[in-house]
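In what follows, a single structure is set out as structure tokens and then discussed.
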Amino acid sequence: MKDIHYAGRAIRTTDGAADAVIRYAAVLGGNGKTDTIDVPTFDDEGRPAVETLLLGPASLITVSSAVDDLRAPAIDDAGFVEHVRRLAVLAGPVRPVHEDPEVQAEGLGGFD
């Protein structure tokens with residue numbers, strides 16, 4: 001389980017969903033695009049719920065492990081994760097720099 005920190009609060013979701021959201025946010029930001037996404041989450045009582053997030057170049061989100069949650073994930077996130085991966089491909093060619101060390105090194109020749 002992970003928390004997406006968005007708009008001053010933590011949104012509990014599965015590891016796969018959280019990772020897909022943060023990577024999609026990076027692709028959108030890198031391409032100067034914005035989108036809304038319905039994320040499968042858990043409410044305060046642990047029941048499945050949905051949160052709609054606005055993602056784009058100005059999004060300030062982080063993801064962290066939900067260390068205080070001992071519940072087993074009750075959300076099947078496979079369809080959501082695949083959907084977000086397709087959205088990221090459609091959003092443009094930019095990939096997060098941390099995923100490809102060769103891309104990260106390009107363009108740094110002027111720095112000493």
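Looking at every heavy atom in both residues, G92 comes nearest to V27 through O-CG1, 4.2 Å. Closest non-hydrogen pair, T34 versus P57, comes out as OG1-CD, 3.7 Å.
Of the inter-residue distances, the one linking T41 atom OG1 with D77 atom CG reads 12.5 Å to the nearest 0.5 angstrom. Rounded to the nearest 0.5 angstrom, L55 CG and Y24 OH are separated by 7.5 Å. For the atom pair CD1 of I22 and NE2 of H5, the computed distance is 9.5 Å after rounding to the nearest 0.5 Å. Rounding to the nearest 0.5 Å gives a distance of 9.5 Å between OH of Y6 and CG of L60. One finds the NZ atom of K33 at 8.5 Å from the CG atom of L90 (value rounded to the nearest 0.5 Å). The distance from atom OG1 of T62 to atom CD1 of I4, rounded to the nearest 0.5 Å, is 9.5 Å.
Each of T13, D15, D19 was checked for a side-chain hydrogen bond (donor to acceptor under 3.5 Å, both in side chains) with K2, and the lone residue meeting it is D19.
Between I11 and D3 there is no side-chain heavy-atom pair separated by less than 4.5 Å. Side-chain contact check for L53 versus T36: every heavy-atom pair is 4.5 Å or farther apart. Counting heavy atoms from C-beta outward, L87 and D35 have side chains that approach closer than 4.5 Å.
Pairs of residues two or more places apart, or lying in two chains, never qualify as side-chain hydrogen bond (donor to acceptor under 3.5 Å, both in side chains) while including a residue from residues 80-93.
One finds a salt bridge joining E51 and R9 here, because a Lys/Arg side-chain nitrogen approaches an Asp/Glu carboxylate oxygen to under 4.0 Å.
Residues D38 and T52 bring a donor and an acceptor atom of their side chains to less than 3.5 Å of each other.
Looking at D43, its side chain does come within 3.5 Å of a backbone N or O of E45 through a donor-acceptor pair.
By the criterion of side-chain heavy atoms lying less than 4.5 angstrom apart, applied directly or through intervening Ile, Leu, Val, Met, Phe, Trp or Tyr residues, L54 is grouped together with F80 in one hydrophobic cluster.
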